[in-house]
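Notes to accompany the following structure.
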Amino acid sequence: MVNLANYDNSWYKPGNPFKRFIWYYVNVIFFKSSLFPFYRFKIFLLKLFGAAVGEGVLIKPNVNIKYPWLLTIGNNVWVGENVWIDNLAKVSIGNNVCISQGVLLLCGNHNYSSPTFNLIVKPIIIEEGVWLTAKCIVTGNAVCAKNSVFGIGTVINFISEPNAIYNGNPAIKIKERKIYFN
């Protein structure tokens with residue numbers, strides 16, 4: 001029988017409590033808001049709070065980032081509206097990645113077999129050239145391999161193959177991705 005009164009995640013230390021408190025309000029005002037569309041200032045704030053961020057990064061309005069000090073973003077990355085980076089563990093995003101509207105990157109989960117519903121946190125890796133189309137969900141321990149594409153609403157909870165197109169829940173490889181040069 002589950003007894004949430006005994007839940008204890010005191011082992012989980014995601015960062016300085018004061019820093020987390022300040023970040024909460026910075027995130028609400030500048031990232032989760034649709035009133036602040038300025039990319040460069042958002043990048044400045046992410047770096048100020050410990051994120052590693054490359055050049056040419058665009059972060060649209062209404063993006064929720066849990067802990068920037070657990071975030072690495074490469075060059076030329078696009079992050080669409082209503083993306084939630086729930087990075088209770090490290091999230092690494094490679095170069096030339098497109099994260100479309102409504103994508104969820106979820107590093108946390110719970111042990112449903114435990115009577116105390118223990119917290120589980122695992123990293124996410126999104127390699128170079130990946131496109132996560134609208135409403136995809138990426139879970140902890142997943143690796144979205146180089147140049148892979150994930151169709152609308154796809155759930156990724158494993159290590160994918162590079163240069164492949166996936167769709168569904170759970171994600172199923174449907175074909176190879178071919179990139180043609182002009």
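Owing to the predicted nature of the structure, the values given are computational and were not obtained by experimental measurement. All residue numbers in this chain count up from 1 along the given sequence.
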Step-by-step side chain to side chain contact (heavy atoms under 4.5 Å, CB included) determination, I179 to N147: CA-CA 9 Å; I179 299 175; N147 293 322; 4.2 Å; yes

Test side chain to side chain contact (heavy atoms under 4.5 Å, CB included) applied to N75 and V57, step by step: CA-CA 6 Å; N75 297 319; V57 174; over 6 Å; no

Audit row: V103, I85, side chain to side chain contact (heavy atoms under 4.5 Å, CB included) steps and yes/no: CA-CA 8 Å; V103 168; I85 302 175; over 6 Å; no

Verdict with reasoning, F49 to I22, per side chain to side chain contact (heavy atoms under 4.5 Å, CB included): CA-CA 10 Å; F49 279 86; I22 298 299; 3.6 Å; yes

Please set out all donor-acceptor pairs under 3.5 angstrom arising from side-chain atoms of residues 121-134, sequence neighbours excluded.
unit_1, atom_1, unit_2, atom_2, d
E127, OE1, K146, N, 2.8
W131, NE1, S100, OG, 2.9
T133, OG1, F150, O, 2.6
T133, OG1, G151, O, 3.1
T133, OG1, I152, N, 2.8

N/O donor-acceptor pairs under 3.5 Å from side chains in residues 61-68, not counting sequence neighbours:
unit_1, atom_1, unit_2, atom_2, d
N62, OD1, S34, N, 3.3
N64, OD1, N27, ND2, 2.7

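Taken from CD1 in I93 to CH2 in W78, the straight-line distance is 14.5 Å, to the nearest 0.5 Å. Taking CD1 from I99 and CD from E81, the interatomic distance works out to 13.0 Å, rounded to the nearest 0.5 Å. Atom-to-atom distance recorded for T139:OG1 and N157:CG is 4.5 Å, nearest 0.5 angstrom. Expressed to the nearest 0.5 Å, how far CG of N118 lies from OH of Y7 amounts to 7.5 Å. Atoms OG1 and CG, from T72 and L46 in turn, are 11.0 Å apart once rounded to the nearest 0.5 Å. The structure places NZ of K47 at 10.0 Å from CD1 of I73, a figure rounded to the nearest 0.5 Å.
Cluster membership for V79 and W69, using ILVMFWY side-chain heavy atoms within less than 4.5 angstrom, is shared. When hydrophobic clusters are built by joining Ile, Leu, Val, Met, Phe, Trp and Tyr residues whose side-chain heavy atoms come closer than 4.5 Å, directly or via intermediates, V53 is grouped together with L105. Taking hydrophobic clusters as Ile, Leu, Val, Met, Phe, Trp and Tyr residues chained together by side-chain heavy-atom distances below 4.5 Å, V155 shares a cluster with L106. I120 and L70 fall into different hydrophobic clusters, where Ile, Leu, Val, Met, Phe, Trp and Tyr side chains are chained together by heavy-atom contacts under 4.5 Å. Side-chain heavy atoms closer than 4.5 Å link hydrophobic residues (I, L, V, M, F, W, Y) into clusters, and following such links, possibly through other members, connects F18 to Y12.
Smallest separation of non-hydrogen atoms from C107 and L88: CB-N, 3.7 Å. Taking all atoms of both residues into account, the shortest heavy-atom contact from K42 to K60 is NZ-O, 3.2 Å. Nearest heavy atom pair, residue P162 against residue A145, reads N-CB, 3.4 Å.
Annotation: side chain of L119 is in contact with side chain of H110 (closest heavy-atom distance under 4.5 Å).
With hydrogens and angles ignored, the 3.5 Å screen pairs a side-chain donor or acceptor of T154 with a backbone N or O of G168. S33 contributes no side-chain N or O that, together with a main-chain N or O of F30, makes up a donor-acceptor pair within less than 3.5 Å. Remark: the backbone N or O of S10 is paired with a side-chain donor or acceptor of K13 at under 3.5 angstrom. Using modelled atom types, no side-chain atom of Y39 and backbone atom of G56 make a donor-acceptor pair closer than 3.5 Å. The backbone N or O of K19 lies less than 3.5 Å from a partner atom in the side chain of N16, making a donor-acceptor pair.
Between W23 and F31, the gap from one ring centroid to the other is short of 6.0 Å. For F158 and Y166, the ring centers are positioned less than 6.0 Å apart. The distance between the ring centers of F36 and F41 falls below 6.0 angstrom.
Around atom NZ of K135, no more than 12 heavy atoms belonging to other residues, nucleotides or ligands sit under 6.0 Å away.
N6 and T116 share no side-chain donor-acceptor pair at under 3.5 Å.
Residue pairs meeting the salt bridge (charged side-chain N to carboxylate O under 4.0 Å, His left out) criterion with at least one member in residues 173-182, sequence neighbours excluded: E161-K173, K173-E176.
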